[in-house]
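For clarity, every value in this text was computed on a predicted model and none was experimentally measured.
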Amino acid sequence: MMTKSNLSQTFKKTFDTTDTPRTFFAPGRINLIGEHTDYNGGHVLPASISFGTYALGQKRSDQKLRFYSMNFPNMGVIECDLSNLDYTKEDGWANYPKGMLLYLQKSGYEFSYGADILFYGNIPNSAGLSSSASIEMATGVLLEGLFDLKIDRVHMVQLGQKVENEYIGVNSGIMDQFAIGMGKKDHAILLNCQTLNYEYAPLELKGYVIQIINTNKQRTLAGSKYNERRQQCDQAIIDLQTKLSITSLGDLTKAEFDQHKHLIKDVTNQKRAKHAVYENARTLEALEKLRESDLKGFGKCMNESHLSLKQDYEVTGMELDTIVQAAWDQEGVLGARMTGAGFGGCAIAIVDKDKIEDFKKNVNAIYYKAIGYDATFYTATIGDGAKEVTEGVLK
Ligand code: GLA
């Protein structure tokens, strides 16, 4: 098991120091429902999980920055200077912390000294659990702590998204950074992505647990297809705006959409927009179910969400569809759906605690037979958002 002291020792060895660094953590996230709604001005219902990114750091007395990731040991220590934080392809993963520093500088935070920073992440790779937003937010809280800054948390979240969009070049919405920056133990967050108003909803699952199921299909095409979906929704809005005064698909009720959908010229774009509008309504409905402790109703919303992502948004694919169908067919399952961007990555299912072992065995057997390799199962623990770590044993 990894402990804070293991990480601390690696830090000291890597950076040749005897001083004990401070340790920070930013989680990954799952999204319970509200998929591909964030950049459409709708609602999402994510939660932060106990997998995440640890960041250990120490201030330096010069202007240098040194980064090391235990996940990319072959890349060694990556160095740069506070005065030049431009994106550099060769710096690979270190562009995430560099970007955070640059965007904090740009918004007026001053760093008079550099730092040594070590990262260790235990989020499964390319699983759609937001490892990139996690490293951004881990950097944010670390810098805030080391340099004694007061950074409004929602502002830090927005900077993380900016880094992703402008510096890294991935056109993602605000959900991941928000879930990771604002997460709360045993709670989901309902976020209105248009206004950034949010509320916490207790996740009281009684005898059930959330299973994360990794298809182990990496999301290779996700980037380009993701941007294509965004463009299709943007075009749908332009078409709708010929008659309606709306700014995003999140402004429409299902009835309003049905009444005006003919304005969207392209039939594919019509399907994409339908998903965005219906999924937004479904997310609010799911929250109601959760508040009424109607887990069955909540599960039904999850199932409908998956079908809509499969049929109308077309972001699931064989692996996710196989795993979700296999989950639906098991005893003790209240609901299952893909989570995150799609095209591979993870699904989630709400499963009766007592049926977990059978669930894993059966789902994996079906998956293996159809796809040819195993899925991986984790029980989700919903933890707090990004913060300094005080306990010694890490999760
Ligand atoms: C990715 C993006 C998010 C969101 C989801 C889909 O995780 O980073 O902003 O759009 O896909 O819901």
Examine distances only and state if a side-chain atom of R22 and a backbone atom of E388 form a donor-acceptor pair shorter than 3.5 Å.
no

Check the orientation of Y226 and H36. Use parallel for under 30°, tilted for 30 to 60°, and perpendicular for over 60°.
tilted

Please name the residue in the list Q58, Q9, K12 that meets the side chain to side chain donor-acceptor pair (under 3.5 Å) test with T20.
K12

Go through the steps for K289 and E285 under the test side chain to side chain contact (heavy atoms under 4.5 Å, CB included), then give the verdict.
CA-CA 6 Å; K289 304 284 179 207; E285 192 189 326; 4.1 Å; yes

Matching residue for E35 among K310, R337, R282 - test: salt bridge (Lys or Arg N to Asp or Glu O under 4.0 Å)
R337

Any side-chain donor-acceptor pair under 3.5 Å between D176 and S130?
yes

Taking the six-membered ring of F257, is the NZ or CZ of K254 close enough (under 6.0 Å from the centre) and on axis enough (within 45°)?
no

Hey, could you give me the CG/CG distance between L45 and L287, rounded to the nearest 0.5 Å?
6.0 Å

Report yes or no: do E204 and S293 form a side-chain donor-acceptor pair below 3.5 Å?
no

Would you please say whether a donor-acceptor pair under 3.5 Å links the side chains of D374 and N364?
yes

Looking only at side-chain N and O atoms, does D321 offer a donor or acceptor that is under 3.5 Å from a partner on Q325?
no

Would D239 and K265 pass as an ion pair if we require N to O under 4.0 Å?
yes

So does D91 pair up with K98, basic N to acidic O under 4.0 Å?
yes

Under a plain distance cut-off of 3.5 Å, with no hydrogens placed, do S248 and N40 share a side-chain donor-acceptor pair?
no

So does I246 get a backbone contact from the side chain of Q241, meaning a donor-acceptor N/O pair under 3.5 Å?
yes

Salt bridge flag under 4.0 Å for residues K13 and D16:
no

